> 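Let me give you the structure first, and then I'll get to my questions.
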Amino acid sequence: MSISTNEGNPNTLKLIVAAKMAQQSVTVKTVQPNVSLLGRLPTIELSNGSVLFSTSAAMQLILPPSEEFKDVNNKWLEWDISQLQPAIVCYGNTGTTNKSCLWPLLKELNSALKNRKYLIKDKNDLSLADVCIWVTIWSTVLVTDVGQKLCKEYSSIKDWLLNIELLPVIQDSLKEYNFERGIKAILNIQAASWFPVNTVMNSRSSKPVLSDISPTKEKEKEVEAVSQEEMQNIASNWSSKSYPAVKNFPYPVLPKKGEKNILITSALPYVNNVPHLGNIIGCVLSADIFARYCRQRNYNTLFISGTDEYGTATEAKAIEEKTTPQAICDKFFDIHNDVYRWFSIGFDYFGRTTTPEQTEIVQSFFLRIKSEGYVLSETVDQLLCESCDRFLADRFVEGTCPRCKYEDARGDQCDGCGHLVNATDLISPRCKVCSNRPVVKKSVQFFLDLPKAKNKLKQWSQTVEKGWSSVARVVAKPWLRDGLKPRCITRDLKWGIPVPVKGFENKVFYVWFDAPFGYISITKRYTKEYEQWWKPKDVNVDLYQFMAKDNVPFHAIMFPACLLAANKGHTLMKHLMATEYLNYEDTKFSKSRGIGVFGTDARDTGIPADVWRFYLAYVRPETQDSNFNWVDLATKNNSELLNNLGNFVNRALMFAEKYFDSKLPQMELLEDDLVLLALAQRELSSYIQALEQAKLRDGLKHVLAISKHGNQFMQFQEPWVKIKGTDDDKKRAGTIIGICCNLACLLSALLAPFMPNTSRELRSQLGLNSINHGYIPDIITNILPTGHKIGIPSPLFKKIEVKDVETLRSKYGGKQDGANKIEKKIVTSSDVKSLETAITTQGNKVRELKAKHDKSVWQPEVQILVDLKQKLADLIGGGNKSSDLAKKNKPETVFVPEQNGDASMDAASLEAAVAKQGNLVRELKSKAEKSVWQPEVEKLLKLKKQLTDLTGTSPSTTNKKSKKKK
């Protein structure tokens, strides 16, 4: 195994120690962080070419922990990466002891080590958890000022550190990998690591008590003193500025000259699955939050989206479910529509691409750009199934990989070795539908001439890319920088929009070419005056498009190239708001493995849609991958919503109801009040600045900051004390509550894009019209004047209990553990058939991911597939490594199902044994020397003889008969 690392990264030492404990050799090479996967180091490359960038996963691969201690090991490994290292990096950036995050973690570790030599109570020797956390502390904070305090206050950690340092395996590893400790080591970790944006920084165990959680204590910037000018502006605005009303936008919403016109699209979700939380925040929810903000700013706003329904994946799904592609589209369109309605996604129109309008627009665009000289035709080799009378798209071809001899390789990629494959290069290719062997035929296809459009694309992108998210810029720039190539835009399929050219009657448009035009066709379904948005005259339209990063090339390169080639003055995207990926509890969402929360699941949890909206916006992966975590969801609900925002508005309204007859009292502002309002004004200005750039996560933080200022103000002013004092004290209490009710009113408007239902409820409690959500102003004014009558206050949020967290985590995350247990049961019970089923399921998943995502998404799933195949090979006596194979001496009856203790075979079992042993021999011949595979050949011959003796026919004859029956 080979380790790649940046210089001086302490995490590399963890892998070296694990390797020495496992008595394995590793090589270490130093590279720059930007050349690794996702810029993360260290990585470890396995013998099969796969790369792991999770240090914890790599350590467990090198030295698998025993089943008895696996869970506790995992707990501490997760604690190290999700809490300890981020806290240490935070300390390294400030250079001071941050007691709000690092010190409580050390206290927690010290308690765990009390009266123990090692971390795991019942394991009296060094574990992976000990190694991992020891390296983190020893290499970073131990040699800083924190280390001196640590040794004084936490004797258990001190003894533990010294004990481990003296171990021979540690000393040998330190000789092999030497680096500078302290701040330098911290910086080297930070240079090649990322931590989820919602990493818990305060002290919390792996199973925290959520009954009394205070607001999260994240590192705060020092608040600059409020100036006299700020207070003067507040005083002036408070009494003299009126509060605008929200416009009533008539149907249809159309752009207007001299006004701000915002056209918003979200990437069209594909109709082959239920959307999960990552899909939802990546496109439709982010777009909805921004659209709601724009409407509350009185911008002419149109928000459209819909389902992407053509393409190979739909046709394949239809074959899988034994129905028609249209039926698949209808089924999943309804599912998507229902999910988005439950999430309160406020589309102006949610359509689909299987419409006459879509066909008309796609075909007319194609003919236009073809007439402009931007379409080429080229002849390509494709596989034709003569039995099905159709050319086979990659997804419909399977065969033996020419590289690794894996027998179920797909027409574009091999799931066995992970390498790209041309369908025409497959050995013994077969049609996935009828299993007959296709033939190679020439096929003429149309290509979009991207090189011809390159100059236009460059000129356009240079004028708009400043308005793109950083993720969008990073993904899009290499396409133009490295040169464009013609892209095929037609396929030999039946399900799709027909190509309107003579001789191409049996071809359809490639889904990537077809789908983006869905934005135009769906707008046309919304209004016949759609060209006012897409071909505006004398008005300015700003197009915002929301998506995850895997969709960026189609929207930053292909779709604009088509619009520019058409040269008809179409609206071009100005703001490309792409995100990274949202993970589920440090792993990928997986429908096939039942891991994660999908749209239909969220509704079943009993947690309100607004809480889901809030949390997904809070952890929105704007600049890096982020992580959905059940504990963190509960923490943010209980602290930020219940204890911060909800507590502030409820206290203010309850006080007004109890002491002022539900009417706002007279307000006479003093300096303390002006300071509070000035701080709130800063947050309001920052909120608007963030939302104008669609930085939604930052905007939400400013909303919570206003309520935090309000809570602190109320706590300091103590109106509950003043209301019992003199008349002046009572007047002062009235001013305090009046200001707080006004801030609650402002919050109801600012919160609405994120939590529209909660905003309506709050506005109702404020005695306001809840039909609209209120205008989002530039400045703070006295929105609720003296004498305004409020409604009936009640709590806005409910607490999420510990028991609920554990139940939900078990339901949606525990399936992964369950899957692992099933796999272990498979291996121990020698149930070959079940393991083969697991391989088939994982193979289908890998194929599905490769069709829609880049390598960073599907590569980990390929590794899972490889591991499953390794388990099957180990089970039947045929591992991948030659050395392992040579050592294994399984009996010839390894394939025999046990029946009443008798190890004899019937004809069907012998046929299966011959087939599997044949596969094993073929695999060994491609990878190992003769001394390894020769004994397996002899076993194969013996099995064939047994079958011949039993049936009177040779295996080849039997197989032919079997195939004919099929």
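Model, not experiment: these values are computed from the prediction.
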> Is there a side-chain contact between Lys29 and Ser2, using heavy atoms and a 4.5 Å cut-off?
yes
> Do the side chains of Pro438 and Phe396 get nearer than 4.5 Å, heavy atoms only?
no
> Give the C-alpha distance, both sets of side-chain angles, the deciding distance and a yes or no for side-chain contact (heavy atoms from CB on, under 4.5 Å) between Phe366 and Ile489.
CA-CA 10 Å; Phe366 167 74; Ile489 60 174; 4.0 Å; yes
> Taking side chain as C-beta onward, heavy atoms only, is Thr424 less than 4.5 Å from Leu383?
yes
> Taking the side chain as every heavy atom from C-beta outward, state whether Val501 and Phe446 have any atom pair closer than 4.5 Å.
yes
> Under the rule for side chain to side chain donor-acceptor pair (under 3.5 Å), what residues qualify as partners of Asp381, not counting sequence neighbours?
Lys442
> Is the shortest side-chain heavy-atom distance between Leu448 and Tyr510 below 4.5 Å?
no
> Run the numbers on Ser387 and Cys431 for side-chain contact (heavy atoms from CB on, under 4.5 Å), then give the verdict.
CA-CA 9 Å; Ser387 175; Cys431 172; over 6 Å; no
> Do the charged groups of Arg430 and Asp408 touch, with an N to O distance under 4.0 Å?
yes
> With the side chain counted from C-beta on, respond yes when Tyr310 and Val508 share a heavy-atom pair under 4.5 Å apart, and no when they do not.
no
> Over all heavy atoms of both residues, which pair between Val444 and Phe504 is shortest? Give the atoms and the distance, please.
O-CE2, 3.5 Å
> Rounded at 0.5 Å granularity, tell me how far CD in Gln23 sits from CG in Leu63.
10.0 Å
> Does some side-chain heavy atom of Phe513 sit less than 4.5 Å from a side-chain heavy atom of Cys562?
yes
> I need the single residue from Asn6, Leu15, Ile16 that forms a side-chain contact (heavy atoms from CB on, under 4.5 Å) with Pro42. Which is it?
Leu15
> Apply side-chain contact (heavy atoms from CB on, under 4.5 Å) to Ile427 and Lys405, showing your working.
CA-CA 8 Å; Ile427 300 170; Lys405 304 302 184 290; 4.2 Å; yes
> Does a side chain donor of either Thr323 or Glu321 reach within less than 3.5 Å of an acceptor in the other side chain?
no
> Among side-chain atoms of Gln445 and Thr490, is any donor-acceptor pair under 3.5 angstrom?
yes
> Taking everything shown except Lys452 itself, do over 12 heavy atoms lie less than 6.0 Å from its NZ?
yes
> Measure the shortest side-chain to side-chain distance between Trp512 and Arg487 over non-hydrogen atoms and say whether it is less than 4.5 angstrom.
yes
